[in-house]
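All of these numbers come straight from a predicted model, not from anything done at the bench.
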Amino acid sequence: MISRSIEGEAIAQLFTRARTPSAWSSTPIEMATLKQLYELAKLGPTSANCQPMRLAFVTTSAAKEQLLLALSRGNVKKAASAPAIAIVAQDRNYLDRLPELYPVGYDARSWFNTSPDAVAGHGERNTMLQAAYLIMAARALGIDCGPMSGFDRDAINKIFFPDQSWDAKLLIGLGFAAEPVREPRKPRLRVEDACRFI
């Protein structure tokens with residue numbers, strides 16, 4: 001049997017050694033690197049290749065000041081020093097691109113257009129799936145990540161997406177840890193607690 005497993009060092013960078021920093025160094029992330037990050041993340045699979053995730057990379061001081069106003073108190077300090085913050089959003093109109101992204105000779109939008117709730121739920125699941133790809137792509141590029149969900153979604157949408165169909169779902173601080181995370185990794189559920197083999 002041919003092994004397709006990646007090397008142990010790569011697994012460590014992506015999973016076992018990777019940690020979530022609370023403080024960031026001042027080293028910036030180049031625009032070209034942020035573009036490369038998206039180019040990698042977009043390759044992960046989504047249902048019918050729907051790709052509902054949209055990203056706003058907050059990198060300027062002015063934009064960050066506006067973003068900080070919409071964060072919960074516990075996230076302000078760690079977000080303030082991050083070189084970049086990705087606002088992961090879902091395009092509410094993501095199905096409009098499906099004929100382009102999933103060209104199968106007929107309109108595949110009919111699979112999902114059963115109800116507004118079905119469209120929204122399908123889009124949200126796949127947006128969050130793409131957010132996970134974004135984190136793994138960042139780690140692969142040597143970038144540390146700090147996902148955050150404590151924010152005022154309506155405020156962020158009003159500030160950053162006033163004339164767009166984008167809906168903020170998650171924030172991800174991006175940069176390089178100011179120092180190694182020294183505290184022990186918090187517990188994870190055992191396979192016996194989290195998995196069933198049927």
Side-chain angles (χ1 to χ4, degrees), residues 1-22 36-55 72 74-75 86-151 153 165-174 177 181 183-198:
M1 181 177 180
I2 299 174
S3 173
R4 299 174 65 181
S5 175
I6 59 177
E7 296 296 323
E9 178 58 26
I11 291 174
Q13 182 162 324
L14 295 175
F15 293 101
T16 57
R17 192 174 59 238
R19 302 295 302 276
T20 302
S22 296
Q36 183 185 13
L37 175 55
Y38 172 72
E39 292 292 340
L40 288 175
K42 74 178 184 181
L43 299 176
T46 54
S47 179
N49 199 37
C50 63
Q51 300 177 52
M53 180 181 74
R54 305 293 182 263
L55 297 172
S72 61
N75 284 333
I87 304 174
V88 178
Q90 173 188 332
D91 187 348
R92 296 184 189 92
N93 298 330
Y94 70 96
L95 287 182
D96 291 349
R97 304 295 297 267
L98 203 59
E100 167 195 350
L101 297 172
Y102 200 73
V104 289
Y106 58 90
D107 193 344
R109 286 176 289 189
S110 62
W111 297 351
F112 308 105
N113 262 333
T114 55
S115 73
D117 286 346
V119 171
H122 179 264
E124 184 165 22
R125 283 190 297 275
N126 283 275
T127 296
M128 299 310 286
L129 183 61
Q130 288 191 281
Y133 299 145
L134 187 73
I135 290 171
M136 301 314 292
R139 288 178 171 182
L141 294 175
I143 299 169
D144 294 314
C145 302
M148 295 173 278
S149 60
F151 59 90
R153 188 183 71 182
S165 57
W166 296 13
D167 182 25
K169 297 295 182 184
L170 181 71
L171 305 179
I172 304 176
L174 300 168
V181 178
E183 66 181 54
R185 188 186 296 276
K186 292 180 174 59
R188 300 305 198 258
L189 293 175
R190 302 176 308 158
V191 66
E192 294 84 0
D193 298 323
C195 302
R196 293 178 65 194
F197 300 92
I198 303 170

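- With hydrogens and angles ignored, the 3.5 Å screen pairs a side-chain donor or acceptor of N75 with a backbone N or O of G150.
- Minimum heavy-atom separation, Q90 to A120: NE2-O, 3.5 Å.
- Atoms CD1 and OG1, on I11 and T16 in that order, are 7.5 Å from each other to the nearest 0.5 Å.
- Counting heavy-atom neighbours within 6.0 Å of R97 CZ, excluding the residue itself, gives a total of 12 or less.
- Here CZ of R17 is found 11.0 Å from CZ of R139. Values are rounded to the nearest 0.5 Å.
- The one candidate from H122, M53, R54, Q51 that meets the side-chain contact (heavy atoms from CB on, under 4.5 Å) condition with T127 is M53.
- In this structure, I135 CD1 and L14 CG are separated by 12.0 Å, a value rounded to the nearest 0.5 Å.
- Distance alone, capped at 3.5 Å, places no donor-acceptor pair between the R153 side chain and the F151 backbone.
- Interatomic distance, CZ of F112 versus OG of S47, reported as 4.0 Å (0.5 Å rounding).
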Side chain to side chain contact (heavy atoms under 4.5 Å, CB included), that's the test. Do T46 and Y102 meet it? Break it down for me. CA-CA 11 Å; T46 54; Y102 200 73; over 6 Å; no

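- Side-chain atoms of R185 never come within 3.5 Å of backbone atoms of R19 as a donor-acceptor pair (strictly under, hydrogens ignored).
- Formation of a donor-acceptor pair under 3.5 Å by the Q130 side chain with backbone atoms of K42 is not found in this model.
- Environment of CD in E192: crowded, with over 12 heavy atoms of neighbouring residues, nucleotides or ligands closer than 6.0 Å.
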For side chain to side chain contact (heavy atoms under 4.5 Å, CB included), just list the numbers for C145 and T20, CA-CA rounded to whole Å, side-chain angles, deciding distance to a tenth of an Å, and then say yes or no. CA-CA 6 Å; C145 302; T20 302; over 6 Å; no

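- Across all non-hydrogen atoms, the minimal contact from V88 to I172 is CG2-CD1, 3.9 Å.
- Interatomic distance, L170 CG to E124 CD, rounded to the nearest 0.5 Å: 10.5 Å.
- Across L129 and P45, no two heavy atoms sit closer than the pair CD2-O, 3.4 Å.
- Nearest heavy-atom pair across C50 and L101 is O-CD1, 3.6 Å.
- The main-chain N or O of S165 is never found under 3.5 Å from a side-chain atom of N93 such that the two would form a donor-acceptor pair.
- Heavy atoms only, all atoms of each residue included: A138 and L174 are closest at CB-CD2, 4.2 Å.
- Of the possible polar contacts, none joining the Y133 side chain to the L40 backbone as a donor-acceptor pair under 3.5 Å is found.
- The two atoms that bring A177 and D144 nearest to each other are N-OD2, 2.8 Å, heavy atoms only.
- Formation of a donor-acceptor pair under 3.5 Å by the N126 side chain with backbone atoms of P52 is not found in this model.
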For a side chain to side chain contact (heavy atoms under 4.5 Å, CB included) check, start with the C-alpha distance between M136 and F15, then their side-chain angles and the critical distance, and finish with the verdict. CA-CA 9 Å; M136 301 314 292; F15 293 101; 3.5 Å; yes

